[in-house]
Amino acid sequence: MASQLAEGMTWLHTYQIAHLDLKPGNLLWDSRCCHLMLIDFGMALKWQEDGAPADDIEPFTAVTANYRPPELWKRQMSKAMTCWPVDVWCFGATMVEIFASTMLLPGNTKEHILSAMQQWVRGWNTKAGHPSLVAIPKHLRNVAWFCCAPEASVRPKMKNTYYGVGL
């Protein structure tokens, strides 16, 4: 599932499209053929070479709160922002939820979610991690860790490879 999600995000990013709302609720899983489908492109944007949105948009806050990266808690999405790191963060948070069956940023209110975000950032900066990370297989743990880096510039870019995934 994580591999197919990474492949789908890589495909979108190859065509300079950011989904901007990756989360388990926007994934459909067909267990009969083990096939993942990414849905709900209502927030998706095309971006320019520099990563800024190509569409003429009004600033808005993207991404469901429990999956929102730190930079969107500080300011709204605008033409001045780079799009792809938002999807990469959401991919990491979704991986945590898929493997650990718990949200990286739990909470029902903005205050609770923001508190969880601040705790994650402190843990990331001190390399303390998060209890949910142990549920992720070792070979994917660092991927989730760096996808959820507090600074967008530290998150890996998705790269196109011949058969798909290339974090």
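Under the 3.5 Å distance criterion, the side-chain polar atoms of E97 are left unmatched by any main-chain donor or acceptor of K23. Checking side-chain atoms of H35 against main-chain N and O of L28 turns up no donor-acceptor pair under 3.5 Å. Within the 3.5 Å criterion, the main-chain N or O of Y67 finds a donor-acceptor partner in the side chain of W89. At least one donor-acceptor pair closer than 3.5 Å links the side chain of N26 to the backbone N or O of D21. A donor-acceptor pair is defined here as one N or O able to donate and one able to accept, closer than 3.5 Å; no such pair exists between the side chain of D87 and the backbone of L22. Formation of a donor-acceptor pair under 3.5 Å by the K46 side chain with backbone atoms of Y15 is found in this model. The closest donor-acceptor contact from the side chain of S115 to the backbone of E111 lies at 3.5 Å or more, if one exists at all.
Taking every heavy atom of both residues into account, A116 and P106 meet most closely at CB-O, 3.8 Å. Of all heavy-atom pairs spanning M43 and V63, the tightest one is SD-N, 3.8 Å. Among all heavy-atom pairs drawn from Q48 and P53, the shortest one is NE2-O, 3.1 Å. Heavy atoms only, all atoms of each residue included: C83 and L20 are closest at O-CD2, 4.1 Å.
A distance of 6.0 Å separates CG in L27 from CG in L38, rounded to the nearest 0.5 Å. In this structure, CD1 on I113 lies 9.0 Å from NZ on K110, to the nearest 0.5 angstrom. Note that CG of L133 is 8.0 Å distant from SG of C148, once rounded to the nearest 0.5 Å. Rounded to the nearest 0.5 Å, atoms CD (E7) and OG1 (T14) are 10.0 Å apart. Distance check, rounded to the nearest 0.5 Å: CH2 of W120 to CG of L105 gives 8.5 Å. Here L36 contributes atom CG and I98 contributes atom CD1; the two are 7.0 Å apart, rounded to the nearest 0.5 Å.
Residues P69 and R155 form a side-chain contact, since some pair of their non-hydrogen atoms from C-beta on lies under 4.5 Å apart. Within the 4.5 Å cutoff, side-chain heavy atoms of V121 are placed close to those of M117.
One hydrophobic cluster, built from ILVMFWY side chains closer than 4.5 Å, holds both W29 and M9. Criterion: ILVMFWY side-chain heavy atoms under 4.5 Å apart, direct or through other members. Under it, I39 and M95 are not part of a common hydrophobic cluster. Both F41 and V88 belong to a single network of hydrophobic side chains, linked directly or stepwise wherever heavy atoms of I, L, V, M, F, W or Y lie under 4.5 Å apart. Criterion: ILVMFWY side-chain heavy atoms under 4.5 Å apart, direct or through other members. Under it, V154 and W84 are part of a common hydrophobic cluster.
Note: W124 and W145 have parallel aromatic rings, judged against thresholds of 30 and 60 degrees for the angle between ring planes.
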Note to self: side chain to side chain contact (heavy atoms under 4.5 Å, CB included), that's the test. Do H130 and L104 meet it? Break it down for me.
What the structure shows: CA-CA 8 Å; H130 188 277; L104 180 68; 3.9 Å; yes
Item checked: CA sep, side-chain torsions, deciding dist, call: Q119, R122, side chain to side chain contact (heavy atoms under 4.5 Å, CB included) -> CA-CA 5 Å; Q119 183 178 350; R122 279 191 303 276; 3.9 Å; yes
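Within a 6.0 Å sphere centred on CG of D30, heavy atoms belonging to other residues, nucleotides or ligands number more than 12.
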